[in-house]
Amino acid sequence: MADGPGPAPGPRVILGIETSCDDTCAALVTRDGSIRANVVASQGLLHERYGGVVPEIASRQHLEVLDSVVDDTLERAGATLDDVDEVAVTRGPGLIGALLVGVSAAKALAAARRLPLAPVDHLHGHVTASMLGDDPIEVPYLVLVASGGHTFLARVDDPSEYRVLGETLDDAAGEAFDKGARLLGLGYPGGPEIDRLARDGDPTAFDFPRSQPGDGLDFSFSGLKTSLLYTLRDLSKEGQTPFRKADLAASYQRAIVDALVARLEQAVDREDLDRVALGGGVAANRELRERVSALGPRVWVPPIELCTDNAAMIAGAARFRRALPYPEYLDLDAAARL
Ligand code: KG4
Ligand code: ZN
């Protein structure tokens with residue numbers, strides 16, 4: 001990447017844009033990591049009836065609302081585009097059509113003012129979300145990122161990069177929540193639904209598998225979903241399913257959380273690092289937040305709005321990357337995979 005322009009006088013404000021999946025997000029973040037505004041227009045209801053994100057609907061909706069989301073962000077921060085001296089946008093990974101809407105809008109906004117543009121890896125955003133705000137985590141640290149599309153453990157020694165120590169070999173943890181919720185006849189996205197229902201259930205009622213594949217720090221969640229399917233089959237023969245849903249949700253959630261926390265504890269030992277951060281939509285889960293917080297005082301669990309997809313983490317991550325100067329980014333492409 002090319003060098004950006006020299007630092008502007010006074011605090012720099014970065015406009016972040018994130019449209020990798022089904023949330024249309026914009027945020028304003030200063031160079032020192034304070035969040036001036038962080039706006040998310042969720043498309044959850046639009047996709048709910050299909051039981052998952054429909055890519056075509058997602059991109060159309062981003063196109064429809066992104067301008068207003070950016071305007072709203074500026075208004076909430078009491079700012080104008082004159083205060084912005086860098087634009088940051090999620091380049092990937094994600095749904096290609098959805099990403100393209102954000103990347104095109106970011107290019108247009110930046111080019112109209114000859115501002116530099118930082119293309120950001122969505123996962124780098126989740127990895128560095130705990131570096132935002134009044135009490136930012138410092139390197140080196142370990143981070144567990146668990147979202148709908150990804151689940152991995154990484155080590156961060158330099159905020160501009162991360163080294164993956166282990167990752168899921170099949171489903172992401174969020175996907176396990178979403179698929180489990182669908183089997184239980186709950187709504188989409190499934191994570192928050194299971195989280196809610198689990199509060200009324202007994203997490204020891206059913207014994208679901210906690211897979212720990214190989215000798216490393218990888219995860220596997222596909223067997224868990226199959227195990228839930230078989231359990232449901234047996235229960236429905238007895239006509240018991242409707243009475244056991246909360247117990248099923250609590251036990252299923254316990255199995256996912258146990259698997260995540262076990263690997264995190266192994267990583268703490270292996271890397272001899274006790275500074276730990278959480279990230280990704282699954283980090284909104286109440287049980288996971290409590291269990292990880294209990295690991296020790298050097299644990300950063302970001303507020304929920306910085307765990308689920310948002311643009312503050314994209315603008316935040318851009319602080320550690322060199323932005324492309326105008327006009328170098330005009331031919332920048334979105335990338336479904338990085
Ligand atoms: O990071 P995110 O907002 O989007 C992706 O990059 O994928 O993560 C979305 C995922 C979904 O699978 C959703 O079910 C899960 O995060 N999720 C939760 C909770 N809130 C969101 N999973 C468990 N408990 C929650 N409270
Ligand atoms: Zn995400």
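When reading the values below, keep in mind they use all heavy atoms of this one structure, side chains included, and skip hydrogens, waters and symmetry mates. For ligands, and for the atoms within them, numbers begin at 1 and follow the listed sequence.
Look at Cys21 and the Zn ion (ligand 2): no N/O/S atom of the residue is under 2.8 Å from the metal. Counting backbone and side-chain atoms alike, His126 contributes an N/O/S atom closer than 2.8 Å to the Zn ion (ligand 2).
When side chains are defined from C-beta on, Glu86 does not count as touching Arg319, because their heavy atoms never get closer than 4.5 Å. Here the side chains of Phe208 and Thr231 are in contact, with some heavy-atom distance below 4.5 Å.
Where the criterion is an N or O separation shorter than 3.5 Å, residue side chain and backbone included, Gly280 fails it with respect to ligand 1. Between Arg286 and ligand 1, a contact under 3.5 Å exists for no N or O pair. Geometrically, ligand 1 and Gly281 share a nitrogen or oxygen pair separated by less than 3.5 Å. Between Phe177 and ligand 1, no pair of N/O atoms sits closer than 3.5 Å.
Distances from the Zn ion (ligand 2) to each N, O or S atom of Asp309 single out OD1 as the nearest.
Only the side chain of Asp195 comes within 4.0 Å of ligand 1, judged by heavy-atom distances. Neither the backbone nor the side chain of His150 comes within contact range of ligand 1; no heavy atom lies under 4.0 Å. Of all the heavy atoms of Asp178, the ones lying under 4.0 Å from any atom of ligand 1 belong exclusively to the side chain.
Ring geometry, His126 versus His122: the interplanar angle exceeds 60°, so the pair is classed perpendicular (tilted spans 30 to 60°). Using a 30° and 60° split on the angle between ring planes, Tyr162 and His124 fall in the parallel class, below 30°.
Each of Asp23, Thr24, Asp309 was scored for a side-chain contact (heavy atoms from CB on, under 4.5 Å) with Val40, with one residue passing: Asp23.
A salt bridge does not link Arg286 to Asp195: none of the charged nitrogens lies less than 4.0 Å from a carboxylate oxygen. Salt bridge status for Asp72 with Arg76: present, with a side-chain N to carboxylate O gap under 4.0 Å. Salt bridge status for Arg196 with Asp200: absent, with no side-chain N to carboxylate O gap under 4.0 Å. Looking at Asp85 and Arg113, no side-chain N of the basic residue comes within less than 4.0 Å of a carboxylate O on the acidic one, giving no salt bridge.
Nearest to atom 3 (O) of ligand 1 among the protein's heavy atoms is Asp309 N, 3.0 Å.
Short contacts between ligand 1 and His126, defined as distances under 4.0 Å to a heavy atom of the residue, involve ligand atoms 1 (O), 6 (O). Less than 4.0 angstrom separates some heavy atom of Gly174 from each of these atoms of ligand 1: 12 (O). If you number the atoms of ligand 1 from 1 as listed, the ones under 4.0 Å from a heavy atom of Thr308 come out as 3 (O). Below 4.0 Å from some heavy atom of Gly149 lie the following atoms of ligand 1, by number and element: 7 (O).
The shortest separation from a heavy atom of His122 to ligand 1 is under 4.0 Å, placing the residue in contact. No heavy atom of Cys21 sits closer than 4.0 Å to any atom of ligand 1.
Listed for the Asp269 side chain is no donor-acceptor partner under 3.5 Å among the backbone atoms of Gln266.
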